[in-house]
Amino acid sequence: MPLYSLQFEDDDLGQPKRMEFTSDSPATALSLLQTEGVRRSVKLWEGDRLLGTLMRDRRGVWHLGKEPLHLS
């Protein structure tokens with residue numbers, strides 16, 4: 001199974017951290033992100049390849065972007 005990681009930066013919404021998991025699908029990341037707050041942004045990696053950036057909106061829906069998202 002592939003190794004995935006979630007990389008959070010220090011974004012004034014939470015502390016920087018990294019979570020690793022193995023799974024058949026990167027979609028497993030969504031279940032690991034249930035407790036993250038609104039507007040929290042996280043990079044999703046498969047090994048050393050960036051798959052995209054996820055960001056949770058105010059309704060609690062996660063959105064995937066191919067380029068890293070910048071919160072300003």
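Positions are given from 1 along the sequence. All heavy atoms count here, side chains included; hydrogens, waters and symmetry mates do not. The structure presented is a predicted model; accordingly, all values stated were derived computationally and were not measured.
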Using the side chain to side chain donor-acceptor pair (under 3.5 Å) criterion, which residues pair with Asp57? Sequence neighbours excluded.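 Here the qualifying residues are Arg59, His63.
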Let me confirm one number: the CG-CD distance from Leu3 to Glu20, rounded to the nearest 0.5 Å.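 Between atom CG of Leu3 and atom CD of Glu20 there are 5.0 Å.
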Report yes if the side chains of [X] and [Y] come closer than 4.5 Å at any heavy-atom pair, otherwise no.
X	Y	answer
Met19	Gln7	no
Ser41	Leu54	no
Arg18	Ser5	yes
Thr53	Leu64	no

Who are the ring pair (Phe, Tyr, Trp, His ring centres under 6.0 Å) partners of Tyr4, not counting sequence neighbours?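 Residues passing ring pair (Phe, Tyr, Trp, His ring centres under 6.0 Å) with Tyr4: Phe21.
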Where Glu46 and Pro2 come nearest, the two heavy atoms and their spacing: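 Scanning both residues, the minimum pair turns out to be OE2-CB, 3.6 Å.
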Would Met1 and Asp24 count as a side chain to side chain contact (heavy atoms under 4.5 Å, CB included) if you check the C-alpha gap in whole Å, the side-chain angles of each, and the deciding distance to 0.1 Å? CA-CA 6 Å; Met1 271 189 252; Asp24 291 327; 3.2 Å; yes
Please tabulate, for side-chain N and O atoms in residues 28-36, each donor-acceptor pair with protein atoms closer than 3.5 Å (sequence neighbours left out).
from  : atom 1 : to    : atom 2 : distance (Å)
Thr28 : OG1    : Ser23 : OG     : 2.6
Thr28 : OG1    : Ser25 : O      : 3.2
Ser31 : OG     : Thr28 : O      : 2.8
Glu36 : OE1    : Arg40 : NE     : 3.4
Glu36 : OE2    : Lys17 : NZ     : 2.7

